[in-house]
Amino acid sequence: MSSKKDPDVSKKPRSAFSRRGFLGGVGVGGGVLGSGLLSPVAEAAPASGPAAVPITLKINGKTQNLTLEPRVTLLDALRNHLDLTGAKRVCDRGTCGACTVILNGRVVYSCTVLAIDAQGKEIQTIEGIAPAGKLHPVSAAFVQHDAQQCGYCTPGFVMAAKGYLDRHAPKSIEDVEKGLGGNLCRCGTYVGVRQAVLEASREMKGGRNA
Amino acid sequence: MQPFEYANPTTVKEAVGLLGNKWDEAAVLAGGTDLISLMKDYVYSPKRLVNIKNIKELGGIRADKAGLRIGAAATIDELAESPLVAKNFPSLAQAARGVTSPQIRNMGTVGGDLCQRPRCWYYRDGQGLLASPGGRSLVTNGENKYHAILGNGGPAKFVSASSLGPALIALGATLTLQSSSGSRKVAADKFFVTPSAEGSREIALLPNELLTEILVPMGGTKNATYEVRQKEALDWPLATASVALKMSGSTVSSARVVLGHVAPMPWAATQADQFLAGKSLTEAVAEDAAKAALSNATPLSQNAYKVQLARVAVKRALMAAAGARG
């Protein structure tokens, strides 16, 4: 699976300590207690990490057990540890929407949610919105209206549209524009996307069928 | 992102016990919409994150005799959708709806909006909050079209990123800050500060404190927020104005006009407040109040256009408030 891992495209730290130095200085297994760096952790609220810790995620109804550092985002957990590569890593800064998933019924940017923070929540990804071999009404409407070009933003748009239609019944293109305001398409397929979402809305009978 | 320790307290007492005396010891993790990106860019690398989303007492929006109580961890979406807020404080509901992208409103919190760091691109590039490496301002000498047009005489040229701050100041809100040694109340207009030295922050919160609650008094004001923005999709506004008017019949008895995204802190336009007092609110009066609000503007080399945008925001917010129910 390592060949599938997204490269770490973020900048290297300028002056901050290296990861190796940090872990070496504080002890990998023992956390940072007693290192003198931090105040002691209250007993009732134990801290995890910085080394990898067991993390349990409920994704598309299925429980997944992982061992991850607290700094791993939900997006990277999905893509690099669970092979769920539908959610895309594009801006990786909570702006473009390509990583959109549904968390407890709400659309979120999975690149700015920590996997450790998503524990105990219902996580829905593009892979889990329709039974195998079938299309969700939103996906079907995207096909019908040619609502994609290169397709890289599409899974995020479909999830954003599904999350939106699960809660709202848009009356106009303007409603859809606002409802999908958190997703970008650099090919400029917005016209098709908006029409697709309006059609899917009729198909989903005005939403509320999550 | 640097490795960090993650703590998951369930009470405020536990949470404040996990904070440090310096910013790099521990950071509060609420929605994470700003913090996680700062950490990915190595602009900020705290050694511990204290998740506050599982602290029940920090959530929710409710009203009592003192006013509207907003938990710091209530989401922007909760604020935008709250009938209580829409009924009494349209300016706050409008400001919350202006926080663009459903994803950000679902994740982002009210406290997080107030504590988010500025969007200045030099700061985000690791050049420091004041963006003056070697004492030379990158802002003054560089790309400053989105920077401050007011309160920019000192080293701080960035604009406050808070969408809710101006409305909360205009409405006279009070913030509760809790540390392990006790709590203190800070008026919203004292919470935001303009830093004069690198390393200090743009809010009065200390590293060992947690913002727990925002109290908005039921003031019986006519209030509104108007944003001027480049696009509907995810971005911060170019200029905003939040106004709260106490009326005596059709006359303004007192006014608070606060501008957003034009200064290193939400900008109390006291000249406009003074101008409006005792006047009947007409379009001409609103226009003159807008001119007064921007009378001290000192735009940088590329952002004089923001002066007019801010005037428009003030005028339209005033007209909206005049039409809004008190």
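All chains are named by letter (A, B, ...) in the order of the sequence lines, taking the proteins before the strands, and each is independently numbered beginning at 1.
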Could you go through residues 174-181 of chain A and list every donor-acceptor pair under 3.5 Å that involves a side-chain atom there, pairing it with any protein atom two or more places apart or in another chain?
from	atom 1	to	atom 2	distance (Å)
A:Glu174	OE1	A:Ser172	OG	3.4
A:Asp175	OD2	A:Lys171	N	2.8

Region of B:Leu29 that comes under 4.5 Å of a non-hydrogen atom in chain A:
side chain
So which part of B:Asp77 gets closer than 4.5 Å to some heavy atom of chain A, the side chain, the backbone, both or neither?
side chain
With rounding to the nearest 0.5 Å, note down the distance linking CD in B:Glu81 to CZ in A:Arg167.
7.5 Å
Using heavy atoms and a sub-4.5 Å threshold, report which of residues 186-198 of chain A line up against chain B, by residue number.
none
Which atoms of A:Cys111 are under 4.5 Å from chain B, going by heavy atoms: the side chain, the backbone, both sets, or neither?
both
Using a 4.5 Å heavy-atom cutoff, which residues in residues 102-110 of chain B come close to chain A?
B:Pro102, B:Gln103, B:Ile104, B:Asn106, B:Met107
So for B:Thr100, is it side chain, backbone, both, or neither that comes closer than 4.5 Å to the heavy atoms of chain A?
neither
Tightest non-hydrogen contact, residues B:Phe4 and A:Pro70, listed as CZ-O, 3.5 Å
Of all heavy-atom pairs linking B:Leu234 and A:Gly94, the shortest is CD1-O, 3.6 Å
If one checks every heavy atom of A:Leu114 against chain B at 4.5 Å, the contacting part turns out to be side chain
Side-chain touch B:Ile36/A:Tyr109, heavy atoms, less than 4.5 angstrom
no
Interchain contact, B:Leu38 with chain A, by part (heavy-atom threshold 4.5 Å):
neither
Can you pull out the residues in residues 115-123 of chain A with any heavy atom less than 4.5 Å from chain B?
A:Ile116, A:Asp117
At a heavy-atom separation under 4.5 Å, does B:Lys53 approach chain A through its side chain, its backbone, both, or neither?
side chain
Please find the pair of heavy atoms, one from A:Arg71 and one from B:Met1, that lie closest to each other, and give the distance.
NH1-O, 2.5 Å
